[in-house]
Enquirer: 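Before I ask anything, let me first share the structure, which is written out below as structure tokens.
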Amino acid sequence: MTISDALGTLMRHGMPFRFEAYDGSAGGDVDSPYTVRLLNERGLRYLMSHPGDLGFARAYVSGDLEIDGIHPGDPYELMRHFRSRLTFKLPPPGELVKVLRSLGLANLIAPTPPPEEHLSRARRAFEGWRHSRQRDAEAIHHHYDVSNRFYELVLGPSMAYTCAVFPDLDATLEQAQAEKFDLICRKLDLKPGQRLLDLGCGWGGMVRHAAEHYGVQALGVTLSEQQAVWAQQAIKEQRLDDRAEVRFLDYRDVTEGDFDAISSIGLTEHIGVKNYGSYFSFIEGKLKPGGRLLNHCITRDNNTSPASAGAFIDRYVFPDGELTGVGRIVSEAHDAGLEVRHSENIREHYALTLRDWNRNLVENWDEVLGEVSLGTAKVWGLYMAGSRLAFEEDEIELHHILAVKPHEDGTSGFPLRPTW
């Protein structure tokens with residue numbers, strides 16, 4: 001049995017692409033715009049030892065599996081094509097044994113993963129308990145301390161690595177990112193002279209926008225040293241030193257309190273679902289009565305799916321990342337003493353954001369490869385395109401949750417109707 005024959009036994013409705021293997025076998029749709037080439041035995045071992053997204057990612061990132069018909073910076077159309085036409089089946093036990101023997105049982109032993117892959121969860125245990133300070137710092141370092149120039153090329157001038165808000169379909173990415181920060185400022189009802197804490201502040205976009213346009217005293221904290229350095233330089237260049245600051249600091253080490261507002265934009269995904277209670281209790285303790293929280297985070301479409309991400313995301317993108325449904329988050333915030341006043345799902349906006357990030361990656365591909373490895377660039381193309389598809393099809397969502405710390409008499413300070 002050839003490699004192409006073996007692959008064909010796993011396809012319920014045939015191969016919706018052209019397939020070519022290093023053993024000379026070929027199959028699939030000869031008229032397909034996509035050709036998948038398996039170049040060597042190491043690629044086969046990746047696929048056989050870890051069937052599914054992890055094995056595919058390893059073979060693709062390492063260069064052992066090539067795909068014609070796409071740009072590696074934006075494989076969205078390919079993924080959409082596969083999503084609608086690619087279905088697998090498990091052959092009967094006897095046939096499965098025949099397939100494995102034909103391909104070689106020794107190929108079930110996994111080769112060394114590509115260098116772009118993070119440690120397995122078992123090996124990460126040596127870095128500390130999951131979501132311990134040390135392990136969280138290492139996870140953030142893996143994803144964010146890649147290259148500030150790389151992020152400039154992908155994210156654009158805003159350096160905002162979170163869902164934008166598009167006022168209309170013709171808006172540019174920069175306009176949409178500015179609208180995102182402004183919407184959050186409006187939901188928090190920021191006023192000149194107030195104090196804002198931005199948790200997991202990234203490159204300081206929220207801190208700088210709030211300080212410049214709303215006149216607040218803004219403090220941002222991040223576990224990425226490269227982000228903090230870049231943000232502080234941007235603050236200096238914008239002459240916001242007297243109103244804005246970004247620190248390289250674990251949010252749990254913030255000593256100041258009595259903030260008028262706290263924003264958490266894309267941090268909840270990293271802290272672990274089991275830690276939500278302590279996280280929102282920390283926030284409640286840092287707010288003055290009447291102070292508001294805006295929590296912006298990726299959520300699942302339900303509260304019952306496993307919190308952990310898939311193997312590809314966990315090993316290559318967000319180690320130890322966890323997601324849950326909006327209901328769980330609202331409950332944890334309420335139980336910590338915060339009153340949730342408004343929730344909004346803007347998942348379609350994240351699909352548009354990812355579309356533009358993929359476009360930036362393609363347009364700046366040559367310069368990107370001067371900053372990161374080809375494997376890393378492929379990872380980003382794959383994960384952003386796949387995430388775009390997941391937001392479009394409501395597998396994941398993006399929620400704004402607006403909450404307040406009520407005064408002792410129960411008053412919230414909110415108007416009768418929203419003003420944002």
Side-chain angles (χ1 to χ4, degrees), residues 133 136-137 139-141 143-146 148 151-152 155-165 177-271 279-280 282-288 291-298 400-403:
R133 291 170 185 256
D136 278 353
I140 293 299
H141 170 73
H143 188 70
Y144 292 100
D145 289 342
V146 177
N148 281 332
Y151 280 104
E152 289 172 351
L155 305 181
S158 70
M159 287 293 275
Y161 187 27
T162 46
C163 175
V165 174
Q177 290 293 12
E179 174 61 20
K180 182 264 299 294
F181 290 129
D182 207 72
L183 176 62
I184 292 174
C185 289
R186 299 195 305 269
K187 286 182 174 181
L188 291 173
D189 195 29
L190 296 181
K191 300 288 193 301
Q194 289 185 334
R195 297 172 62 240
L196 167 71
L197 173 62
D198 187 32
L199 302 174
C201 67
W203 290 270
M206 177 64 187
V207 166
R208 290 179 285 117
H209 186 95
E212 179 179 7
H213 298 285
Y214 287 82
V216 302
Q217 294 291 132
L219 169 63
V221 294
T222 172
L223 269 178
S224 167
E225 187 170 10
Q226 288 194 33
Q227 285 182 337
V229 170
W230 192 98
Q232 279 299 111
Q233 181 61 34
I235 288 170
K236 183 177 180 180
E237 291 173 358
Q238 291 181 239
R239 298 182 179 179
L240 297 171
D241 310 58
D242 59 330
R243 280 172 284 164
E245 179 188 1
V246 167
R247 298 177 190 166
F248 172 43
L249 188 71
D250 190 301
Y251 78 87
R252 291 164 286 198
D253 293 329
V254 173
T255 57
E256 295 92 334
D258 279 340
F259 288 96
D260 297 281
I262 293 177
S263 52
S264 174
I265 309 173
L267 178 60
T268 319
E269 301 92 325
H270 296 287
I271 65 173
Y279 179 67
F280 287 113
F282 167 87
I283 289 172
E284 193 274 342
K286 293 296 181 182
L287 283 170
K288 63 172 57 175
R292 296 187 185 185
L293 161 70
L294 191 288
N295 195 80
H296 164 130
C297 70
I298 302 171
H400 273 192
I401 297 170
L402 180 63

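Just so you know, these numbers use all the heavy atoms, side chains as well, and skip hydrogens, waters and symmetry mates. Because the structure is a prediction, the values reported are computed rather than measured.
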Enquirer: Nearest 0.5 Å, please: how far is CG in Leu196 from CD1 in Ile184?
Expert: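 It comes to 10.0 Å.
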
Enquirer: Heavy atoms only: give me the nearest Gly204-Val246 pair and the separation to one decimal.
Expert: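 In terms of heavy atoms, the two residues are closest at CA-CG2, 4.2 Å.
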
Enquirer: Quick one about His213 and Asp182 (side-chain donor to acceptor, distance below 3.5 Å, no hydrogens or angles considered), yes or no?
Expert: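 Distance-only check fails for Asp182 and His213.
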
Enquirer: For Cys201 and Val207, which heavy atoms make the closest approach, and how far apart are they?
Expert: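 The answer is CB-CG2, 4.4 Å.
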
Enquirer: Applying side-chain contact (heavy atoms from CB on, under 4.5 Å) to Tyr214 and His209, what does each step give before you reach the verdict?
Expert: CA-CA 8 Å; Tyr214 287 82; His209 186 95; 4.2 Å; yes

Enquirer: Taking the side chain as every heavy atom from C-beta outward, state whether His296 and Leu183 have any pair of such atoms under 4.5 Å apart.
Expert: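 No. Closest side-chain heavy atoms not under 4.5 Å.
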
Enquirer: If the threshold is 4.0 Å, N to carboxylate O, is there a salt bridge linking Asp241 and Arg239?
Expert: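 Answer for the salt bridge query: no.
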
Enquirer: Which distance, rounded to the nearest 0.5 Å, do you find between the CD1 of Ile265 and the CZ of Phe181?
Expert: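 If I round to the nearest 0.5 Å, the distance is 5.5 Å.
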
Enquirer: We want to know whether Gln238 and Glu212 form a side-chain donor-acceptor pair, criterion being a heavy-atom distance below 3.5 angstrom.
Expert: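 Yes, because at least one side-chain N or O of Gln238 sits under 3.5 Å from a partner of the opposite role on Glu212.
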
Enquirer: Looking only at heavy atoms, what is the nearest atom pair of Arg243 and Ala211, with distance?
Expert: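 Result for this residue pair: NH1-O, 2.7 Å.
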
Enquirer: Can you find a heavy atom in the side chain of Thr268 that is under 4.5 Å from one in the side chain of Asn295?
Expert: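 Yes; the side chains approach each other to less than 4.5 Å.
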
Enquirer: Report the distance from atom CD1 of Ile235 to atom CH2 of Trp230, rounding to the nearest 0.5 Å.
Expert: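 With rounding to 0.5 Å, CD1 (Ile235) is 9.5 Å from CH2 (Trp230).
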
Enquirer: For the SG atom of Cys297 and the NE2 atom of His400, what is their distance to the nearest 0.5 Å?
Expert: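 Separation between the atoms: 9.0 Å.
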
Enquirer: May I ask you to check whether Lys180 and Gln177 show a side-chain donor-acceptor distance below 3.5 Å?
Expert: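 Yes.
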
Enquirer: Does the Arg195 side chain pair with the main chain of Gly257, one donor and one acceptor, at a distance under 3.5 Å?
Expert: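 Side chain of Arg195 to backbone of Gly257, a donor-acceptor pair under 3.5 Å: yes, one is there.
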
Enquirer: For Arg292 and Ala403, indicate whether the former's side chain and the latter's backbone hold a donor-acceptor pair under 3.5 Å.
Expert: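 The answer is no, because no donor-acceptor pair under 3.5 Å joins these two groups.
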
Enquirer: What heavy-atom pair brings Ala261 and Leu190 nearest, and what distance separates the two atoms?
Expert: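 Distance-wise, the nearest heavy atoms are CB-CD2, 3.6 Å.
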
Enquirer: Find the distance between NZ (Lys191) and CG (Asp260) and round it off to the nearest 0.5 Å.
Expert: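 Separation between the atoms: 10.5 Å.
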
Enquirer: If only atom types and distance count, is the side chain of Glu269 paired as donor or acceptor with the main-chain N or O of Ile298 below 3.5 Å?
Expert: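 Looks like yes, one N/O pair under 3.5 Å.
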
Enquirer: So, Lys286 side chain and Val254 main chain: donor-acceptor pair closer than 3.5 Å or not?
Expert: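 The answer is yes, because a donor-acceptor pair under 3.5 Å joins these two groups.
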
Enquirer: Pair Leu199, Ser263 - check side-chain contact (heavy atoms from CB on, under 4.5 Å), show working.
Expert: CA-CA 6 Å; Leu199 302 174; Ser263 52; over 6 Å; no

Enquirer: Is there a side-chain contact between Glu284 and Leu293 in this structure, where contact means two heavy atoms from C-beta onward sitting under 4.5 Å apart?
Expert: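 Answer no - side chains too far apart.
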
Enquirer: Let me see the working for Glu245 and Arg247 under side-chain contact (heavy atoms from CB on, under 4.5 Å), right down to the final yes or no.
Expert: CA-CA 7 Å; Glu245 179 188 1; Arg247 298 177 190 166; 2.9 Å; yes

Enquirer: Could you grab the distance from atom OG1 of Thr222 to atom CD of Gln227, nearest 0.5 Å is fine?
Expert: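 The CD atom of Gln227 is 4.0 Å from OG1 of Thr222, to the nearest 0.5 Å.
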
Enquirer: Might you work through the side chain to side chain donor-acceptor pair (under 3.5 Å) test for Tyr279 and Ser264, ending with a clear yes or no?
Expert: CA-CA 11 Å; Tyr279 179 67; Ser264 174; 2.4 Å; yes

Enquirer: Looking just at side-chain N and O atoms, do Trp203 and Gln226 make a donor-acceptor pair shorter than 3.5 Å?
Expert: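 No, no side-chain donor-acceptor pair sits under 3.5 Å.
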
Enquirer: Show your reasoning for whether side-chain contact (heavy atoms from CB on, under 4.5 Å) applies to Tyr151 and Met159.
Expert: CA-CA 7 Å; Tyr151 280 104; Met159 287 293 275; 3.8 Å; yes

